[in-house]
Amino acid sequence: HSVSRTSPNLTFVPACLPPDPVEVEELQRFVSNSKRLFVMTGAGISTESGIPDYRSEGVGLYARTDRRPVQHAEFVRSASARQRYWARNFVGWPQFSSHQPNTAHLVLRDWEKLGKLHWLVTQNVDALHTKAGSQRMTELHGCTHRVFCLACGDQILRSELQEHFKALNPTWKAEAFGVAPDGDVFLTDDQVHNFQVPACRKCGGILKPDVTFFGDTVSQEKVSFVHQRLAESDSMLVAGSSMQV
């Protein structure tokens with residue numbers, strides 16, 4: 001009952017039928033009977049916060065465009081790919097970083113406070129669970145709010161990097177043509193041509209979001225940790241994920 005109600009942003013929420021009272025009761029019974037609940041969340045849990053997902057019918061990224069997320073190998077190999085990624089991310093960051101948790105994030109936080117939720121694993125990189133106050137949590141694919149150097153491992157906040165971008169590109173401007181799930185926007189090649197990307201201040205290495213890009217793998221250490229938390233649990237709830245990744 002401590003959850004504060006906020007008006008959901010329905011722009012990227014797929015059309016759906018009203019909740020079935022029988023199914024709601026079944027869910028309530030499932031949660032009530034769980035003592036150590038393990039929860040896995042995906043992009044669908046953040047759509048009501050105004051962040052699109054990938055696969056939702058009609059409104060997901062794959063339904064709206066033919067664009068696909070950057071691949072890990074391409075980002076590491078190609079300076080132009082990094083320039084394109086960071087230019088799009090620079091434009092999208094102010095809006096993406098301003099998104100707030102919705103009722104689902106707050107309910108999961110409250111379940112944790114009540115001792116109901118044993119562990120939360122999220123595929124999302126939007127930091128909304130952290131903003132909601134969840135602590136017993138693993139960000140399986142990392143978080144866009146952190147950036148690290150591929151060479152020396154030095155970490156900085158994404159908000160700090162935004163200031164470096166501004167300093168390097170004082171006159172650069174671009175108008176976005178739509179938004180993507182992981183914080184970037186759509187720009188043309190001409191728009192990103194002159195965008196300057198900073199290197200690591202400590203070693204001059206390549207800066208990358210602390211995110212598992214498509215084509216990369218989650219560390220075995222993190223996977224093993226999650227498996228341990230799952231083994232300690234007595235039930236599992238999946239929310240907002242197609243489980244295709």
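Only this structure's heavy atoms are used, side chains among them; waters, hydrogens and symmetry mates stay out. If you read the sequence from its start, that first residue is 1, and numbering goes on from there. In this text the structure is predicted, and so the values were computed from the model without any measurement.
- At least one donor-acceptor pair closer than 3.5 Å links the side chain of Arg82 to the backbone N or O of Val76.
- Between Leu161 and Trp86 the shortest side-chain heavy-atom distance falls below 4.5 Å.
- Put simply, the side chain of Phe213 reaches to within 4.5 Å of the side chain of Lys208, judged on heavy atoms.
- Interatomic distance, CZ of Arg146 versus CD1 of Ile156, reported as 13.0 Å (0.5 Å rounding).
- Val121 has its side chain out of reach of Arg229: every pair of non-hydrogen atoms, C-beta onward, lies at least 4.5 Å apart.
- Counting all heavy atoms, side chain and backbone alike, Phe96 lies closest to Val125 at CE2-O, 4.4 Å.
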Can you give the donor-acceptor pairs under 3.5 Å from side chains of residues 12-33 to other protein atoms, not counting sequence neighbours?
{"from": "Asp20", "atom 1": "OD1", "to": "Val22", "atom 2": "N", "distance (Å)": "2.8"}
{"from": "Ser32", "atom 1": "OG", "to": "Gln28", "atom 2": "O", "distance (Å)": "2.8"}
{"from": "Asn33", "atom 1": "ND2", "to": "Arg29", "atom 2": "O", "distance (Å)": "3.2"}

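- Crowding of Gln135 atom CD: a count of heavy atoms from other residues, nucleotides or ligands under 6.0 Å not exceeding 12.
- Not one N or O on the side chain of Ser49 forms a donor-acceptor pair closer than 3.5 Å with the backbone of Ile51.
- When all heavy atoms of Pro198 and His164 are compared, the closest pair comes out as CG-CB, 4.3 Å.
- Considering CG of Asp154 and SG of Cys200, their distance stands at 5.0 Å, rounded to 0.5 Å.
- With contacts defined as side-chain heavy-atom distances shorter than 4.5 Å, the pair Pro94/Gln162 qualifies.
- Aromatic ring pairs are classed by plane angle as parallel below 30°, tilted from 30° to 60° and perpendicular above 60°; the pair His105 and His129 is perpendicular.
- Ring-plane geometry between Tyr85 and Phe75 is classed as perpendicular, the angle between the planes exceeding 60 degrees on a 0 to 90 degree scale with a lower cut at 30.
- The same ILVMFWY cluster, assembled from side-chain heavy atoms under 4.5 Å apart, contains both Val211 and Leu150.
- In this structure, the side chains of Leu168 and Phe90 stay at 4.5 Å or more apart for every pair of heavy atoms.
- Crowding of Glu221 atom CD: a count of heavy atoms from other residues, nucleotides or ligands under 6.0 Å not exceeding 12.
- Remark: the backbone N or O of Phe148 is not paired with any side-chain donor or acceptor of Asp210 at under 3.5 angstrom.
- Closest approach of Arg36 and His118 over heavy atoms only: NH2-CE1, 2.9 Å.
- Contact of the Phe38 side chain with the Val226 side chain is registered, since non-hydrogen atoms from C-beta on lie closer than 4.5 Å.
- Summarising the geometry of Cys203 relative to Ala151, their closest heavy-atom pair is SG-CB, 3.8 Å, with the distance given to 0.1 Å.
- Heavy atoms only, all atoms of each residue included: Ser46 and Asn102 are closest at CA-ND2, 4.1 Å.
- Distance alone, capped at 3.5 Å, places no donor-acceptor pair between the Gln155 side chain and the Gly153 backbone.
- A side-chain donor-acceptor contact under 3.5 Å links Gln83 to the backbone of Phe195.
- One distance of note links CG of Asp234 with CG of Leu37; it measures 7.5 Å at 0.5 Å rounding.
- Glu112 has its side chain out of reach of Met137: every pair of non-hydrogen atoms, C-beta onward, lies at least 4.5 Å apart.
- Partners of Lys222 by side-chain contact (heavy atoms from CB on, under 4.5 Å), not counting sequence neighbours, listed by chain and number: Thr138, Leu140, Val218, Ser219.
- Between His145 and Trp93, the ring-plane angle classifies as perpendicular under the 30° and 60° cut-offs.
- Val238 has its side chain within reach of Met243: a pair of non-hydrogen atoms, C-beta onward, lies under 4.5 Å apart.
- The two atoms that bring Pro101 and Lys131 nearest to each other are CG-CB, 3.7 Å, heavy atoms only.
- Residues Trp172 and Phe165 share a single hydrophobic cluster, defined by chaining ILVMFWY side chains whose heavy atoms lie under 4.5 Å apart.
- A donor-acceptor contact shorter than 3.5 Å links the side chain of His141 to the backbone of Gln123.
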